[in-house]
There are 2 protein chains.
Amino acid sequence: MVQYSNPQYDASFGALSDATRRGVLEQLASADASITALAEKFQMTLTGMKKHVGVLERAGLVRTEKVGRVRTCKLGLRGLEQEAAWIEEYRQLWSERFEELDNIVEELKLKEKANESK
Amino acid sequence: MVQYSNPQYDASFGALSDATRRGVLEQLASADASITALAEKFQMTLTGMKKHVGVLERAGLVRTEKVGRVRTCKLGLRGLEQEAAWIEEYRQLWSERFEELDNIVEELKLKEKANESK
DNA sequence: GCTATACTGAACCATATGGTACAGTATAGC
DNA sequence: GCTATACTGTACCATATGGTTCAGTATAGC
């Protein structure tokens with residue numbers, strides 16, 4: 001069964017629910033970046049961007065490392081495997097459920113035909 | 001490229017970021033349920049559960065239909081296909097990025113060996 | 001050592017979220 | 001028609017979110 005009470009999912013799906021943060025992940029997928037660079041790219045104050053990075057970091061989707069004055073942001077060590085698995089499992093249940101409904105509809109149609117031919 | 005500025009994702013990932021709502025989706029995957037039944041199962045007031053159902057409905061993950069006094073909640077017509085696709089695409093980029101890093105590490109190791117043998 | 005850059009922290013703001021209570025409306029069933 | 005049930009709507013509350021400003025601190029580079 002799909003596990004739903006999981007703070008990890010709260011954090012990661014929550015992190016993904018914001019367009020800026022999805023954008024940051026995309027950016028980091030092509031190259032590491034400093035907070036300043038990200039703030040400029042997404043037209044936001046440094047402080048604002050730092051908060052977003054904090055959210056991503058707490059969700060384990062981003063790592064950061066400070067060298068000198070510059071904090072460099074990189075992709076985290078986890079790559080949404082578990083979240084992908086949750087969704088896939090859900091999709092499985094979802095499609096089973098709809099197949100089931102299809103079967104019921106089919107059954108009803110057959111019964112109808114049987115009645116007609118009486 | 002992964003598309004990040006998408007209100008659909010805001011809504012669906014936001015909906016998935018709450019344990020109760022993930023639980024409701026699970027429940028509905030096995031059987032339709034009324035608001036009252038869901039509220040009881042998740043130990044919450046009717047009003048509270050109705051809000052959660054509203055969030056899921058706005059995200060397109062749940063449909064509801066009122067017959068008589070009872071509003072029945074069912075799985076929505078979309079089954080997180082797009083969200084699964086977003087995550088898969090991201091995971092692709094993520095693993096490419098890590099392969100790239102692996103290559104760089106390999107290269108550095110080779111250079112080191114070359115220096116050692118001098 | 002001075003100055004510019006890069007971040008950090010605290011305070012603030014508006015709005016959203018996750019919950020409640022309580023009063024109302026509509027329907028099911030005797 | 002009365003009563004219980006099932007929802008609906010509004011108001012309220014505490015806390016979180018997404019942003020800002022402003023005042024620090026620390027480092028890079030001349």
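A, B, ... follow the sequence lines: proteins, then strands. Residue 1 opens every chain. Owing to the predicted nature of the structure, the values given are computational and were not obtained by experimental measurement.
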Rounded distance (Å) that lies between atom C1' of C:dA6 and atom CG of A:L38:
13 Å
What does C:dT27 pair with, Watson-Crick or G-U, if both distances are under 3.5 Å?
D:dA4
In whole Å, I'd like the distance from the CG atom of A:D10 to the P atom of C:dG18.
10 Å
Below the 4.0 Å mark, does D:dA4 have OP1 or OP2 next to a side-chain nitrogen or oxygen of B:R69?
no
Using salt bridge (charged side-chain N to carboxylate O under 4.0 Å, His left out), reason through B:K74 and B:E65 one step at a time and then give a plain yes or no.
CA-CA 8 Å; B:K74 312 162 194 248; B:E65 195 187 352; 3.4 Å; yes
Tell me the interatomic distance from A:M44, atom CE, to C:dT8, atom C1', rounded to whole angstroms.
17 Å
Within the structure shown, what part of the strands sits under 4.0 Å from A:G68 by heavy-atom distance: base, sugar-phosphate, or nothing?
sugar-phosphate
Rounded distance in Å - CE (B:M49) to C1' (C:dT17)
15 Å
Check whether any side-chain heavy atom of B:L61 lies under 4.5 Å from a side-chain heavy atom of B:L80, and answer yes or no.
yes
What integer distance in Å separates A:F42:CZ from D:dT20:P?
14 Å
Is it the case that the side chain of A:R58 and the backbone of A:V53 share a donor-acceptor pair, with hydrogens and angles ignored and the cut-off at 3.5 Å?
no
Within the pair B:R71 and D:dT8, is there a side-chain N or O less than 4.0 Å away from OP1 or OP2?
yes
Picking from D:dG18, C:dA21, C:dA6, the nucleotide nearest the side-chain atoms of B:T47 would be C:dA21
Could you state the atom-to-atom distance from CD1 of A:I35 to C1' of C:dA6 in whole Å?
10 Å
A:E96 bridged to A:R91 by N-O distance under 4.0 Å:
no
Need to verify one output field. Residue with the more 5' nearest nucleotide on DNA chain C, B:G48 or A:K66?
A:K66
Between C:dT17 (P) and B:R58 (CZ): distance, integer Å:
8 Å
For B:D32, is there an ion pair with A:R97 - N to carboxylate O distance below 4.0 angstrom?
yes
Atom-to-atom span, NZ of B:K50 to P of D:dT5 - whole angstrom:
21 Å
Name the nucleic acid region contacted by B:S34, choosing base, sugar-phosphate or nothing; use a 4.0 angstrom heavy-atom cut-off, strictly under.
sugar-phosphate
Identify the nucleotide, in any strand shown, that forms a Watson-Crick or G-U wobble pair with D:dG18, with both distances under 3.5 Å; if there is none, say none.
C:dC13
N or O in side chain of A:T45 less than 4.0 angstrom from D:dT20 OP1/OP2
yes
Just N and O in the side chain of A:K51: are any of them under 4.0 Å from OP1 or OP2 of C:dT8?
no
Any B:H52 side-chain nitrogen or oxygen under 4.0 Å from OP1 or OP2 of C:dG19
yes
Which label fits B:W86 and B:Y90: parallel for a plane angle under 30°, tilted from 30 to 60°, or perpendicular past 60°?
parallel
May I ask you to say what A:L46 touches in the nucleic acid, namely base, sugar-phosphate or nothing, with a heavy-atom cut-off under 4.0 Å?
base
C:dT20 pairs with, by Watson-Crick or G-U criteria that keep both distances under 3.5 Å
D:dA11
